[in-house]
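Read through the structure below, which is laid out as structure tokens, and then see the notes.
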Amino acid sequence: MDKYRKRYMVTSAQMDADFRLSARGIAQLFQDCFASYMATYRCAAFDLRERSMMWIISDFTFGIAGPLPLWGDSMDIELWLPDEPEFKVPCDYRFIRNGRTVIEGTSNWAILDIATRQPVPARSILERQQIICEHAVERRRPRFTFPSVEPQVYEHLTNSSDTDFNSHISNLTYLTVALDALPVEYVKSHCIARIGMRFLHESFLGDRLRVMFAENGTGTDSWSFRMENGRNETCCQACIEFSGSAGASFGSDSEIRKQPTV
């Protein structure tokens, strides 16, 4: 059995200030690839909407082995279901550049009834998907425990660009807001090594997200986040690990103008 595989190019919409694939771009692309895979089985979001159901992502984790692709680079994303879906649908994935894995991760998805917002057994919807018993990463989730220190607080008023096609705040927004909460100079001088996110409740246009965050021990380069909506609900938990000082890492002229093919 073959894994689902699709080729992508890094566009300006997915790059960071160093012209490399951003963390948000990683999350955006693997989710687009999952949607494409589901579409081959007529289970994409627009297919489910006709049946009064919707997809949500309940968590994702990815680690960056690097080096990250530059603007204009092509890469392949391969993904597969490593276990039989029950209420949740597991999906693992890899980003492959020049035959080398540069990003790998895992995720869990669920199908909800639009009217009741209750989960629908995925096995009753996904009947023909291939299962490939291989895990891209160790099947562990980040520890979403919050350190016992006084957290820093950051707030974000949601706007129309934060919403997705389900008319709630996109999971990509939570990732962006978490990174925005950290000191700018810290983010500029450190490389992201691993991101884990878990989504617990929906939030909506006009909600003021309250982000509490703290470092998991001095000098650990690991940060925990908890985000609340305006209804005293924790809508998202996250853990972001960095790999220390990055220094200047702009793509060189030769890198960008003479990119090798995949």
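We count residues from 1, following the sequence as given.
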Residues at least two apart in sequence or cross-chain that pass ring pair (Phe, Tyr, Trp, His ring centres under 6.0 Å) with Tyr41, listed by chain then number, are Tyr37
The reported gap from NZ in Lys188 to CG in Leu182 (rounded to nearest 0.5 angstrom) is 14.0 Å
Shortest non-hydrogen pair, Pro90 vs Pro82, comes out as O-CD, 3.5 Å
Q | Any side-chain donor near an acceptor of the partner, Tyr8 and Asp32, under 3.5 Å | A | yes
Side chains of Asn171 and Gln31: do they bring a donor and an acceptor to under 3.5 Å? yes
- Query: side-chain contact (heavy atoms from CB on, under 4.5 Å) between Phe242 and Trp223: does it pass, once the steps are laid out?
  - Reply: CA-CA 9 Å; Phe242 294 83; Trp223 297 77; 3.9 Å; yes
*Under the salt bridge (Lys or Arg N to Asp or Glu O under 4.0 Å) criterion, do Asp73 and Arg97 qualify, and how do the steps go?*
CA-CA 9 Å; Asp73 278 348; Arg97 168 75 177 147; 3.1 Å; yes
Q. Can Asn108 and Ser58 be counted as having a side-chain donor-acceptor contact under 3.5 angstrom?
A. no
* Quick one: does Pro119's side chain get under 4.5 Å of Ile111's, heavy atoms only? -> no
Discussion item. I'd like to know whether Asp76 forms a salt bridge (Lys or Arg N to Asp or Glu O under 4.0 Å) with Arg7, so could you lay out the CA-CA distance, the side-chain angles of the two residues, the decisive distance to 0.1 Å, and finally the verdict.
Written reply: CA-CA 4 Å; Asp76 286 344; Arg7 181 162 296 185; 3.0 Å; yes
- [ ] Determine, step by step, whether Lys6 and Glu78 satisfy the salt bridge (Lys or Arg N to Asp or Glu O under 4.0 Å) criterion, reporting the C-alpha distance in whole Å, the side-chain angles of both residues, the deciding distance to 0.1 Å, and the verdict.
- [x] CA-CA 7 Å; Lys6 185 175 179 180; Glu78 64 174 19; over 6 Å; no
Contacts of Phe199 meeting ring pair (Phe, Tyr, Trp, His ring centres under 6.0 Å) (sequence neighbours excluded), chain-then-number -> Phe60, Tyr174
Nearest heavy-atom approach of Gly105 to Ala136 is O-CB, 3.6 Å
Smallest heavy-atom separation, Leu70 atom then Asp18 atom, equals CD2-O, 4.1 Å
Value for CE (Met15) from CZ (Arg20), rounded to nearest 0.5 Å, stands at 12.0 Å
dist Lys88:NZ -> Asp59:CG (nearest 0.5 Å) comes out at 5.5 Å
Non-hydrogen side-chain atoms of Met197 and Leu175 separated by less than 4.5 Å | yes
Phe95 meets the ring pair (Phe, Tyr, Trp, His ring centres under 6.0 Å) criterion, sequence neighbours left out, with none
For Arg208, the salt bridge (Lys or Arg N to Asp or Glu O under 4.0 Å) test, sequence neighbours excluded, returns Glu155
In this structure, CG of Leu48 is separated from CZ of Arg42 (nearest 0.5 Å) by 13.0 Å
### Message
Just checking Arg231: does its CZ atom have more than 12 heavy atoms from other residues, nucleotides or ligands closer to it than 6.0 angstrom?
### Response
yes
Heavy-atom side-chain proximity of Arg100 to Pro67 below 4.5 angstrom | yes
message = For a side-chain contact (heavy atoms from CB on, under 4.5 Å) check, start with the C-alpha distance between Leu200 and Cys236, then their side-chain angles and the critical distance, and finish with the verdict.
response = CA-CA 6 Å; Leu200 303 172; Cys236 176; over 6 Å; no
Here the gap from Asn229 atom CG to Thr158 atom OG1, rounded to the nearest 0.5 Å, amounts to 9.5 Å
When rounded to the nearest 0.5 Å, the distance separating OG1 of Thr106 from OH of Tyr93 is 7.0 Å
With sequence neighbours left out, the residues meeting salt bridge (Lys or Arg N to Asp or Glu O under 4.0 Å) with Glu215 are none
Side chains of Val120 and Ile125, heavy atoms from C-beta outward: is any pair under 4.5 Å?
yes
Between Leu79 and Phe34, the two heavy atoms sitting closest are CD2-N, 3.4 Å
Apart from Leu112 itself, its cluster of hydrophobic side chains linked below 4.5 Å comprises Met54, Ile56, Ile114
| message | Is a donor from one side chain sitting under 3.5 angstrom from an acceptor on the other, for Thr176 and Arg24? | response | yes
Phe213 vs Phe225 aromatic rings, parallel, tilted or perpendicular, using cut-offs 30° and 60°?
parallel
### Task
Would you tell me whether Arg226 and Gln237 have side-chain atoms, one donor and one acceptor, within less than 3.5 Å of each other?
no
Check: Are side-chain N/O atoms of Ser170 and Asp164 paired as donor and acceptor at under 3.5 Å?
Finding: no
- Message: Does either side chain, that of Gln14 or that of Thr11, offer a donor lying less than 3.5 Å from an acceptor on the other one?
- Response: yes
